[in-house]
There are 2 protein chains.
Amino acid sequence: MTTRTPDAEPLLTPAEVATMFRVDPKTVTRWAKAGKLTSIRTLGGHRRYREAEVRALLKGVPSMGSDL
Amino acid sequence: MTTRTPDAEPLLTPAEVATMFRVDPKTVTRWAKAGKLTSIRTLGGHRRYREAEVRALLKGVPSMGSDL
DNA sequence: CTCGAGTGGGGTAATTGGGGTA
DNA sequence: TCTGTCCCAATTACCCCACTCG
């Protein structure tokens with residue numbers, strides 16, 4: 001039954017990412033525009049984000065060494 | 001080359017494509033109707049999509065530098 | 001032929017994109 | 001500089017039922 005999955009990576013909708021980050025979907029769109037987030041575009045122009053990337057960003061930031 | 005394969009291109013069902021794009025199967029049907037996706041119709045009227053085409057669309061554009 | 005699941009077609013509500021502003 | 005909200009137009013998601021697929 002698993003012979004019917006070509007190659008699909010888990011993608012998230014803007015609303016999903018926005019909920020995970022507790023921000024507005026528009027803000028997520030700005031991140032994508034700024035190149036901070038990898039965005040896969042649908043054929044209609046909407047964006048889909050990689051769940052792995054979002055989760056990695058949520059887990060911990062690869063930057064910020066000094067605290068404030 | 002002892003492969004007995006006539007001309008079998010890997011075809012995907014609407015549900016397959018929908019999962020890869022994280023959209024609804026109906027949305028994939030709309031893409032086919034809009035001519036954005038190459039759809040092969042079965043004898044019953046159902047649609048099948050080329051895996052190569054879908055994958056190419058998912059990847060995006062292979063051209064992009066630091067220009068925007 | 002029967003059966004479960006998926007698909008097509010149409011219609012309507014919700015989300016998304018882009019720009020401008022606070 | 002970054003985010004939230006407004007507008008409007010386009011795209012997408014979910015409802016129905018009948019037919020096709022394997």
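- Here dT15(C) presents its C1' atom at 13 Å from CG of Asp24(B), a figure rounded to the nearest Å.
- When each of dT7(C), dT15(C), dG9(C) is scored by its nearest atom to the side-chain atoms of Lys33(B), the top-ranked nucleotide is dG9(C).
- Of the residues in residues 34-43 of chain B, those lying under 4.0 Å from DNA chain C by heavy-atom distance are Arg41(B).
- Distance check, rounded to the nearest 0.5 Å: CG of Leu57(B) to CG of Leu43(A) gives 5.0 Å.
- Here the closest non-hydrogen pair linking Arg47(B) and Pro14(B) is O-CD, 3.4 Å.
- Within the structure, ring-ring contact (aromatic ring centres under 6.0 Å, His included) pairs that include any residue of residues 32-59 of chain B do not occur (at least two apart or interchain).
- Taking the side chain to side chain donor-acceptor pair (under 3.5 Å) definition, one finds that Arg41(A) meets it with nothing, sequence neighbours left out.
- Rounded to an integer number of Å, the gap from Arg30(A) CZ to dT16(C) P is 15 Å.
- Atom NZ of Lys26(A) is separated from atom P of dA22(C) by 17 Å (rounded to the nearest Å).
- For the pair Thr13(A) and Pro25(A), nearest-nucleotide mapping onto DNA chain D gives the more 5' position to Pro25(A).
- Side chains of Leu12(B) and Arg48(B) form no contact here, defined as non-hydrogen atoms less than 4.5 Å apart.
- Glu51(A) meets the salt bridge (Lys or Arg N to Asp or Glu O under 4.0 Å) test with Arg55(A); sequence neighbours excluded.
- Applying the side chain to side chain donor-acceptor pair (under 3.5 Å) test to Thr42(B) and every residue at least two apart in sequence or in another chain returns nothing.
- Arg47(A) comes within 4.0 angstrom of the backbone, heavy atoms only, and of no base.
- Between chain B and DNA chain D, the heavy-atom contact criterion of under 4.0 Å yields a 5' to 3' nucleotide range of dT12(D) to dC21(D).
- Taking Glu9(A) as the reference, Arg50(A) meet the salt bridge (Lys or Arg N to Asp or Glu O under 4.0 Å) condition, with sequence neighbours excluded.
- For Thr38(A) against Glu53(A), the heavy-atom pair with the smallest separation is OG1-OE1, 2.8 Å.
- Taking atom CD of Glu16(A) as the reference point, atom C1' of dA14(C) lies 14 Å away to the nearest angstrom.
- Within the 4.0 Å cut-off from OP1 or OP2 of dG8(C), at least one side-chain nitrogen or oxygen of Thr29(B) is found.
- In this structure Glu16(A) satisfies the side chain to side chain donor-acceptor pair (under 3.5 Å) test with no other residue, sequence neighbours excluded.
- Remark: DNA chain C forms stems of 3 or more consecutive Watson-Crick or G-U wobble pairs, all pair distances under 3.5 Å, at C:3-19 with D:6-22.
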Enumerate, atom names and distances included, each donor-acceptor pair closer than 3.5 Å involving a side-chain atom of residues 18-29 of chain A, sequence neighbours excluded.
{"residue": "Thr19(A)", "atom": "OG1", "partner": "Ala15(A)", "partner atom": "O", "Å": "2.7"}
{"residue": "Thr29(A)", "atom": "OG1", "partner": "Pro25(A)", "partner atom": "O", "Å": "3.1"}

